[in-house]
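Keep in mind it's a predicted model, so treat the numbers as computed, not measured.
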Amino acid sequence: MSLNSELSDLFKTFAAIMEIRGESVFKSIAFSKVSRILKDMTIDVRKAVEGGTLDQIEGIGASSRKIIEDFVKTGKSKDFEEVSATVPAGLIPLLEVPGLGPKTISVLWKQRQITSMEELKAALAAGKLEGLPKLGEKKIKSIADGIALLEKSGGRIGLPAALLVGQLMLNHVRSIPGVKRAELAGSLRRGKETIGDIDIICSNKPSTNGADITKAFTEVAGVEKILGQGDTKASILTADGIQVDLRVVPDVNFGAALLYFTGSKEHNVRLRGLSQDKQMTLNEWGLYKIAEYEKASKKTGEAPAAKPVASKTEDDIYEALGLRCIEPELREDRGEIDAARANKLPKLITLADIKADLHTHTTASDGQNSIEEMAEAAKAKGYAFLAITDHSKSQVIANGLSAERLLKHVEAIHKAGEKIKGIKLLAGCEVDILVDGRMDFEDAVLKELDIVVASPHVSLKQDSAKATDRILRAIDNKYVHIIGHPTGRLIGSREGLPLEFDRVFKAAAANGTALEINAGYPRLDLNDVNARAAIQAGCVLSINTDAHSIDGLDWMHLGVAVARRGWAEAGNVINCFSADALTKFLLRKRK
DNA sequence: GCCGTTTTCGGCCCGACTGTTTTCAGTCG
């Protein structure tokens, strides 16, 4: 694990300990923020310490700086060790249980000596939680249910699965009589790579009441359990263990509700702070002048009786706050609010900007469709280019091509290209980057190819220096156009190469080698944060599906979502280049 | 714990819901 990740985890744990100890919530919020800053940081924190730039980062104060400096110097933090000795480590995972928070955990610990999940389960089974303050029969059952839910769903689900379920449920909501507008919200709308639960916001026509809509929502096929259903809100659990929440609001409040439930939480907090500065208050019903809002009567589940400054659309609210409208993918409190104020938001890339897929496979290696079938499918998407890039010889398990087979394949691709009009086929190869950074083919073979994607597939546990040197050598190769899935990570199962990204980005920018955002799930590699840092360093990106079948070409939108979260514009991505510009890009390095 | 063009002290975002309570604490998003 990288130093940044270790320190990020340390601060996350520190924040959790403070919650359980019952310290001021603002302290734990502050450390949670530091944890997030470290996780998002693309330079090695050691360099920030050595360069003395830690002070300049907003959110890192004297206490955090001391902990970071100690940890970088000695591999541990005395402050952290002292505090963590006061709370059993086994209590921290209990914060993940839905319905169980720090206050209750503290009571369980101090009054029933529970210090771990196992002990909590044993105590529940033995009925030992009775008689505690604020813990009635229902609360005890909800803790047991929460543990069961956590163990069943195993936490977060992947973006593609969430999109499928989300779209189905959204269509269902839109078909309910009385629904006027409905949209996906939450982290799904922001395009995050993993999703906790699915949020849907809808507005109702004046003639319909919310309870009819929430009831119809819970009656769709595939609902395993109804978690709750009221006039304005319902929650269900699908058979796959995915939670879907619906909120119903009057149409005039739709924009405020959508903004609120799209989040992120951190983005919302910043917006509300900004509202305060302007003598306004922002909530899920709308943006109000504080003076009027305080006088207005309020009833739970109903909009406050004051005229909002803005509430109908998200654009209205941003505008009233003096901001350009911020796209959902940017709402992470990563500088988007300042950019919106300065009118410096990027014009984000869209799926429609994509004119090429530059990394795909056929039956020649481990794909399922022929050259012609892949070409026709890509043409049907309106692409101008398709690169066929089957595996190189080291990928024995994927039926990788020998030099001889590859050269024959190149001929076959060119021949197919002559037959199929309306799309240009590029004959290429996904060449393995060997453990020391050499290519899996000699230059004499590579120079016969229209396009070379060089990817790491094996030895993905190298140390940082070796891994970085390996990728740098590939970037330097004059025949390599794109570094495919640069880290080799797999979401949820493999960390990938611990690259020194600043060196990688500098070299790629200097050489004109594109870095891939692999759109295949669970790769999505580069990730959002690294894609953004790469652009800032002057790199060009390439978004490709790595499709192994014609269906695989459909996942381009996942890569575009990552790119959007990485603040990418069409001009940063070679797949959006004009035919001329792409051709020039492919030839330039070889001069 | 962090921050500062009113501030180096005193704020720090907001409402819904649930359960355990007779007015509020805890949790969630």
Ignoring hydrogens, what is the shortest heavy-atom contact between A/Gln243 and A/Asp197? Give both atom names and the distance.
O-CB, 3.3 Å
In whole Å, measure the gap between the P atoms of B/dT7 and B/dC2 for me.
22 Å
Qualifying residues under salt bridge (Lys or Arg N to Asp or Glu O under 4.0 Å), relative to A/Glu137, sequence neighbours excluded
none
Would you say A/Arg21 and A/Thr86 are linked by a side-chain donor-acceptor pair, where the criterion is simply a distance under 3.5 Å?
yes
Those residues that, when tested against A/Lys121, pass side-chain hydrogen bond (donor to acceptor under 3.5 Å, both in side chains) (two or more places apart):
A/Glu151
Looking only at B/dG15, B/dC3, B/dG19, the nucleotide nearest the A/Lys138 side chain is B/dG19
Candidate nucleotides B/dC17, B/dC14, B/dG1, ranked by approach to the side chain of A/Lys233 - the nearest
B/dC17
Would you kindly give the CG-to-P distance between A/Asn253 and B/dG15, to the nearest whole Å?
13 Å
Round to the nearest Å and state the distance from A/Leu271 atom CG to B/dG15 atom P.
15 Å
When all nucleic acid strands are considered with a 4.0 Å heavy-atom cut-off, which category describes A/Val97: base, sugar-phosphate, or nothing?
sugar-phosphate
Same-atom distance (C1') from B/dG10 to B/dG15, integer angstrom
24 Å
Over 12 foreign heavy atoms within 6.0 Å of CZ, A/Arg112:
yes
Regarding A/Ser35 and A/Ser32, is there a side-chain donor-to-acceptor distance under 3.5 Å anywhere?
no
Considering heavy-atom distances to DNA chain B, does A/Leu100 or A/Lys298 have its closest nucleotide positioned more toward the 5' end?
A/Lys298
Return the set of residues passing salt bridge (Lys or Arg N to Asp or Glu O under 4.0 Å) with A/Arg532 (not counting sequence neighbours), or none when no residue passes.
none
Donor-acceptor contact present, side-chain A/Lys33 to main-chain A/Glu58, <3.5 Å
no
Scan residues 280-287 of chain A against DNA chain B and write down, sorted by residue number, each residue with any heavy atom closer than 4.0 Å; if none is found, say none.
A/Thr281, A/Leu282, A/Asn283, A/Glu284, A/Trp285
So if I take residues 61-73 of chain A and measure heavy-atom distances to DNA chain B, which residues fall below 4.0 Å?
A/Gly61, A/Ala62, A/Ser63, A/Ser64
Does any N or O in the side chain of A/Asp44 come within less than 3.5 Å of the main-chain N or O of A/Lys47, such that one atom is a donor and the other an acceptor?
no
So A/Glu23, base contact, sugar-phosphate only, or nothing? Heavy-atom distance under 4.0 Å.
nothing
Counting any heavy atom closer than 4.0 Å, what does A/Gly59 reach on the DNA or RNA strands: base, sugar-phosphate only, or nothing?
sugar-phosphate
Which of residues 27-43 of chain A sit near DNA chain B, with a heavy atom under 4.0 Å from it?
A/Lys27, A/Ala30, A/Phe31
With a 4.0 Å cut-off on heavy atoms, is A/Ser275 in touch with a base, just the backbone sugar-phosphate, or nothing at all?
nothing
Candidates B/dG26, B/dC17, B/dG1 - which lies nearest the side chain of A/Phe26:
B/dG1
Of all the nucleotides listed (B/dC3, B/dG1, B/dC14), which has the minimum atom distance to the side chain of A/Ser24?
B/dG1
A/Ile349 backbone acceptor or donor facing A/Arg564 side chain under 3.5 Å:
yes
Please tell me if A/Gln276 has a side-chain N or O lying less than 4.0 Å from either OP1 or OP2 of B/dC14.
yes
In whole angstrom, give the distance that lies between atom CD of A/Glu19 and atom P of B/dG1.
15 Å
Does either side chain, that of A/Asp316 or that of A/Thr313, offer a donor lying less than 3.5 Å from an acceptor on the other one?
yes
Listed nucleotide nearest any side-chain atom of A/Met18, set B/dC14, B/dT20, B/dG1
B/dG1
Suppose we define a pair by two distances each less than 3.5 Å, Watson-Crick or G-U wobble; what does B/dG11 pair with here?
B/dC2
Check whether more than 12 heavy atoms from other residues, nucleotides or ligands sit under 6.0 Å from atom CD of A/Gln111, and answer yes or no.
yes
